[in-house]
4 protein chains.
Amino acid sequence: ERPFVLLGGMNVLESRDLAMQVAEAYVEVTRKLGIPYVFKASFDKANRSSITSFRGPGLEEGLKILQEIKQQFSVPVITDVHEPAQCQPAAEVADIIQLPAFLSRQTDLVVAMANTDAVINIKKAQFLAPREMKHILTKCEEAGNDRLMLCERGSSFGYNNLVVDMLGFGVMKAFGYPVVFDVTHSLQMPGGRSDSAGGRRAQVAELGRAGMSQGLAGLFLEAHPDPDQAKCDGPCALRLNQLEPFLKQMKAIDEVTKSLDPIVNE
Amino acid sequence: ERPFVLLGGMNVLESRDLAMQVAEAYVEVTRKLGIPYVFKASFDKANRSSITSFRGPGLEEGLKILQEIKQQFSVPVITDVHEPAQCQPAAEVADIIQLPAFLSRQTDLVVAMANTDAVINIKKAQFLAPREMKHILTKCEEAGNDRLMLCERGSSFGYNNLVVDMLGFGVMKAFGYPVVFDVTHSLQMPGGRSDSAGGRRAQVAELGRAGMSQGLAGLFLEAHPDPDQAKCDGPCALRLNQLEPFLKQMKAIDEVTKSLDPIVNE
Amino acid sequence: ERPFVLLGGMNVLESRDLAMQVAEAYVEVTRKLGIPYVFKASFDKANRSSITSFRGPGLEEGLKILQEIKQQFSVPVITDVHEPAQCQPAAEVADIIQLPAFLSRQTDLVVAMANTDAVINIKKAQFLAPREMKHILTKCEEAGNDRLMLCERGSSFGYNNLVVDMLGFGVMKAFGYPVVFDVTHSLQMPGGRSDSAGGRRAQVAELGRAGMSQGLAGLFLEAHPDPDQAKCDGPCALRLNQLEPFLKQMKAIDEVTKSLDPIVNE
Amino acid sequence: ERPFVLLGGMNVLESRDLAMQVAEAYVEVTRKLGIPYVFKASFDKANRSSITSFRGPGLEEGLKILQEIKQQFSVPVITDVHEPAQCQPAAEVADIIQLPAFLSRQTDLVVAMANTDAVINIKKAQFLAPREMKHILTKCEEAGNDRLMLCERGSSFGYNNLVVDMLGFGVMKAFGYPVVFDVTHSLQMPGGRSDSAGGRRAQVAELGRAGMSQGLAGLFLEAHPDPDQAKCDGPCALRLNQLEPFLKQMKAIDEVTKSLDPIVNE
């Protein structure tokens, strides 16, 4: 529990070389700071706004890159799956497989994920209340898997905006599973640019600190050496050269939070 | 354009006999009222809140029932698909295939749907602004299909509530494709019951009239002989014995609306 | 009940001459169409975004103009009050006094209004649920006044946006008092311009039709001969030269709606 | 700036004796913890849900109690005003006078407040975006007062719910005035009980920590010896006997936050 686990990496596997560069930076910083680390990247962005948007290398090529990172840096990896047939192959490489927010109620995908040996990271959909995540946990449990974690990534707030309800973390922690916070996707402004999502990356540390003040099991983060050139979600990304000071902040808030006694105010 | 098309039926194919009964009632009423009619039912409810919820007969058995209805009553049919492999078989029976709201940004599914000969009904996700639907239309067009229609079914409004933004219809109509209104799903209260969605079916005529006052190409409706016994979304369903007076109301509003000259107030 | 009452006029009393011009246009059109009519204008805009925004002629001068309109055109008038001391003088001229939305929970103002002989039009605040309006009705009743009406004008929907929940009309009608719809303020985009509210006046007929499809006691409307030059809320205003075709639309929807039998779908 | 200022006290002046008891507890704990302290209480709750709700001792009696607390404990005091005539008398006792959220756009009240010598605490309305607070600041400046502070207390999120947008603090801090966080009112569930607001007081420390992680000038807090018996907003109140551990938590997060270097991630 101390400190939090970092599920950190890049949005999509833009190339093998960039992935290696990003992984190396994360590994170096997290070892220096003593933060348990899992490399994150997507092999396919299955729900881009535009059909011509970059999607990534695909399952086969993507898993090869993840496998290379896993071995080279001796770190576990997490990646997201989008259809039942991807679950088994992904779980052979990835230690954690992730249920995307938009798909979080698709029963077949949930069951296929539960049938692997991987841990499942369940992203909370933008249209679900925190207490509704109980149903998805139950689906996984009934499918025979209780190695689960929940991930907050913001709620729909009017059009083209997300808000993170800080009270939702406590609601979800009460379910008894680890809760993590996807700070970079929570910065999205959906549909905020003409053909893709906008973001508020300048405020990444502010939102990250708020999340870490909730005593979370983990932080989910995407960084990029040059966010303006990122092929997906650059408006939300942390600059890779800010990784160390950013994680120092997160660790500082996490440590003090977890040192505090609970306040009982029923 | 006059009157609207009714995409009407039942939520899920509970049984062959119930489907026949429901179709017969719709066919009789719509012929009497002169409303063009398409039978709607789902062969699989792929995103129920609970893993033990009833899902339906599945693709193969469901398509058989739809085929029987199509032939027996000489009506076109619409059904929803959830993964790329279902699109081709569904399109061999269904005249219109439907992109579910939660899945409306899944590129592979959109492309697989576009590659069939069916018309595509795109449900607007609860987390999307009306103007963002343009991206999904473009995805379909770029995949080679422009037999498209858009369907409103409410926007997330805080937790466990949906609201229909009447101004969204005009925004979507400006894209140049037919716009239809799913009145019954718009009545949902997501997560409103302990293990499934609640609903506000007592207000179905109120919300339906508001929609029809917007000059729409079609209305999407689910009815059931006994909503309290329905296997899915009963809290939103119209009682089948109210179908005739309900559609008379909808037709009355539609007719007067479409007889009006536009007001120019830029 | 047939047809609806029009509470129509202009946002703020920009000048005596403009008010007379606007009143004359409304009187002519409503007599032609057989719509009961009440002239509406504000003597003071007490909550403009900017301190330098135009506020109006003030209580004394404003009431003089309202009195002149009342006599010259033999129409009742409605105006809004902002503090307890304004209620009695306003009620000596105005047949209906209006509780502004932002102030709708200020007990002293409510009580002072209730202590006059005027009818009270209660604007629903953007931050209140329809069912919460019951409390404000009860406040008025307990203060000894039951000549009350409720007015919908949109709910906060994220930042800088309003949405009208069509299901709210039915909730409020169940309280047993007349419900009216302020269509032009519902078109506001609060804070949508750098120093004042924006609006969506091009959609005034769409939103108006949706409201009239709910079977309402009245419609609240602001018009201006030249909305781009209006001193307040021009982005929401109807062009005065569109008043007749606009009201014809509203009357057409209202008439057909009120001719329909209720649908019982509990 | 280090540590934050506490604007703390009770919701409404239930009685002189209770006020003295509450003030004494705050004074003792804040001195022990080295937190600058301002006593807060309302002399009138002007916008209760029900006309029969307890409102407080009124202006004259309330100011006497505030004066006594000010002298006895040598602390500054803050109280809220509701109409222009209250500003001058309130400012003769109170060091800070507060603009209520619902009234935050009432120009006359803002100007009357600005014409006193008191500091003005501007509550952000539940229906305003953070960037709109700039207009209210400008109103005060143009009225000749720049001793201003802004106070977050949650945004409307659907019906009967508030959410605190953590990104709003940064937006408001950029205006150059102190920003404080009203943690207890942000816990309200407006209209959540049959005749008054509900609340989520069990989560007060969670939400408080999130706020303090934003590097704020101050915290606004209401406590009560027995929240279930409080005459207003008990569902949001901190138990007075939890004041010391609660403030220790807030101070711990505040201190670590303010020791961190800014992250630049434009």
Side-chain angles (χ1 to χ4, degrees), chain B residues 129 154-158 161-171 173 184 186-187 189 200-215 223 227-228 236-239 241-257 259-266, chain C residues 129 154-158 161-171 173 184 186-187 189 200-215 223 227-228 236-239 241-257 259-266:
Chain B
S155 297
S156 290
F157 182 59
N161 201 188
L162 297 176
V163 68
V164 179
D165 179 1
M166 287 292 142
L167 299 175
F169 289 108
V171 171
K173 285 166 70 176
T184 34
S186 297
L187 292 165
M189 304 193 74
R200 296 164 288 190
R201 71 183 180 222
Q203 296 191 280
V204 63
E206 299 167 27
L207 194 56
R209 290 196 308 266
M212 299 324 285
S213 77
Q214 302 306 297
D228 291 332
C236 306
L238 180 71
R239 289 186 182 281
N241 65 13
Q242 294 298 303
L243 185 60
E244 184 170 341
F246 176 81
L247 287 177
K248 272 186 187 164
Q249 284 213 3
M250 299 302 111
K251 195 182 172 200
I253 301 287
D254 182 62
E255 278 177 351
V256 68
T257 297
S259 74
L260 299 167
D261 293 324
I263 304 294
V264 178
N265 195 52
E266 302 294 334
Chain C
S155 296
S156 290
F157 183 58
N161 203 186
L162 296 177
V163 69
V164 178
D165 179 1
M166 287 293 142
L167 300 175
F169 289 108
V171 172
K173 284 166 70 176
T184 36
S186 296
L187 293 164
M189 305 193 73
R200 296 164 288 189
R201 69 184 181 221
Q203 296 191 280
V204 63
E206 300 166 28
L207 194 56
R209 290 196 308 267
M212 298 324 287
S213 77
Q214 301 307 296
D228 291 331
C236 307
L238 179 71
R239 289 185 183 282
N241 64 14
Q242 294 298 303
L243 185 60
E244 184 170 343
F246 175 82
L247 287 178
K248 273 186 187 163
Q249 284 213 6
M250 298 305 109
K251 196 182 171 199
I253 300 288
D254 181 63
E255 277 177 351
V256 68
T257 297
S259 74
L260 298 166
D261 292 325
I263 304 295
V264 178
N265 196 52
E266 302 293 335

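Here is the naming used below: chain letters follow the sequence lines, and residue numbers restart at 1 for every chain.
Of the atoms belonging to C:Asp165, heavy atoms from both backbone and side chain fall under 4.5 Å from chain B. Interface remark: C:Ser155 contributes side-chain atoms only to the contact with chain B (heavy atom separation under 4.5 Å). Only the side chain of B:Val163 comes within less than 4.5 Å of a heavy atom of chain C; its backbone N, CA, C and O stay farther away. Residue C:Leu187 touches chain B through its side chain alone, counting heavy-atom pairs closer than 4.5 Å.
Chosen from C:Gly158, C:Ala202, C:Pro262, the residue pairing most often with chain B at heavy-atom distances under 4.5 Å is C:Ala202. Interface check for chain C: of the options B:Val256, B:Leu238, B:Ile263, B:Val204, the most heavy-atom pairs under 4.5 Å are formed by B:Ile263.
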Stepwise, does the side-chain contact (heavy atoms from CB on, under 4.5 Å) test hold for C:Arg209 with B:Leu260?
CA-CA 11 Å; C:Arg209 290 196 308 267; B:Leu260 299 167; 3.9 Å; yes
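The side chain to side chain contact (heavy atoms under 4.5 Å, CB included) search around B:Asn161 returns B:Phe157, B:Met189, B:Arg200, D:Tyr159, not counting sequence neighbours. A search for salt bridge (Lys or Arg N to Asp or Glu O under 4.0 Å) contacts involving C:Asp228 returns C:Arg201, not counting sequence neighbours.
In terms of heavy atoms, C:Glu266 sits closest to B:Arg239 at O-NH2, 2.9 Å. Across all their heavy atoms, B:Glu206 and C:Gly170 have their closest contact at OE1-CA, 3.7 Å. B:Ser213 and C:Ser213 make their closest contact through CB-CB, 4.3 Å (heavy atoms, listed as atom of the first residue, atom of the second, distance).
Rounding to the nearest 0.5 Å gives a distance of 3.5 Å between OG1 of C:Thr257 and CD1 of B:Ile253. Remark: C:Asn265 CG to B:Gln242 CD distance equals 6.5 Å, nearest 0.5 Å.
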